[in-house]
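Basis for what follows: all heavy atoms, side chains included, without hydrogens, waters or symmetry-related copies. Atoms within each ligand, like the ligands themselves, are counted from 1 in listed order. The shown structure was predicted, so the numbers you read here are calculated from the model rather than taken from an experiment.
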Amino acid sequence: MKDDGCIFCKIANGEIPSATVFEDEDFRVILDLGPASKGHALILPKQHFKDLCEAECSTMAKILPLAGRVGQGMKKELGASGFNVVQNNGVSAGQTVFHLHVHVIPRYDGGPVIVGWTPGAATAEELAETAEMIKKGMQEL
Ligand code: 5GP
Ligand code: ZN
């Protein structure tokens with residue numbers, strides 16, 4: 001399934017050219033136009049899913065292994081010493097293109113912190129209560 005108005009559908013399916021790292025029948029891996037670091041890549045499924053909540057399990061099952069291969073390629077050839085795998089769902093999470101994609105961001109020794117957060121605090125009771133709420137939400141799916 002493709003969405004005619006979606007730029008990542010057009011890129012993933014080759015209608016718009018891109019710096020392509022990898023392609024098979026399910027995915028195209030491209031370089032991000034606004035890289036967080038040299039080699040920042042995006043894994044695009046060729047099928048249109050808005051986000052992770054819509055995605056097919058059979059497609060998603062292949063994404064993490066592919067992200068691992070892309071990251072290994074970055075370590076071997078770009079001199080990266082690590083990489084982050086990031087996937088944003090929804091505006092509040094920073095998603096700006098509403099075609100599911102996974103960022104693979106190479107990290108270099110001494111480079112800036114690109115993906116991070118300030119640890120908060122929670123009591124054991126709060127954690128237990130929150131865990132129950134998420135568990136309930138998952139059971140309703
Ligand atoms: P999001 O914020 O939705 O998780 O990530 C969208 C990413 O897509 C951003 O990092 C942005 O730089 C990248 N991007 C947006 N439009 C294009 C495009 O036309 N081509 C490429 N290669 N990257 C794009
Ligand atoms: Zn799309």
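- For the atom pair Glu15 CD and Cys9 SG, the distance stands at 8.5 Å (nearest 0.5 Å).
- Using a cut-off of 4.0 Å between Lys/Arg side-chain N and Asp/Glu carboxylate O, Asp26 and Lys62 are scored as salt-bridged.
- Taking 4.0 Å as the cut-off between side-chain N and carboxylate O, Lys136 and Glu132 do not count as a salt-bridged pair.
- The name of the N, O or S atom in His48 nearest to the Zn ion (ligand 2) is ND1.
- Annotation: side chain of Leu100 is not in contact with side chain of Glu54 (no heavy-atom distance under 4.5 Å).
- His101 and His103 have their aromatic ring centers within a separation under 6.0 angstrom.
- One finds an angle of 120° at the Zn ion (ligand 2) between SG on Cys9 and SG on Cys6, to the nearest 10 degrees.
- Each of Ile105, Leu42, Val104 was compared with Asp32 under the side chain to side chain contact (heavy atoms under 4.5 Å, CB included) criterion, and only Leu42 meets it.
- At a 4.0 Å heavy-atom cut-off, the residues surrounding ligand 1 are Ile7, Phe8, Ile11, Ile30, Leu31, Asp32, Leu33, Gly34, Leu42, Asn88, Gly94, Gln95, Thr96, Val97, His101, His103, listed by chain and number.
- Residue His99 approaches the Zn ion (ligand 2) most closely through its N/O/S atom ND1.
- When the side chains of ILVMFWY residues are joined at heavy-atom separations under 4.5 Å, either directly or via intervening members, Val29 and Leu78 end up in a single hydrophobic cluster.
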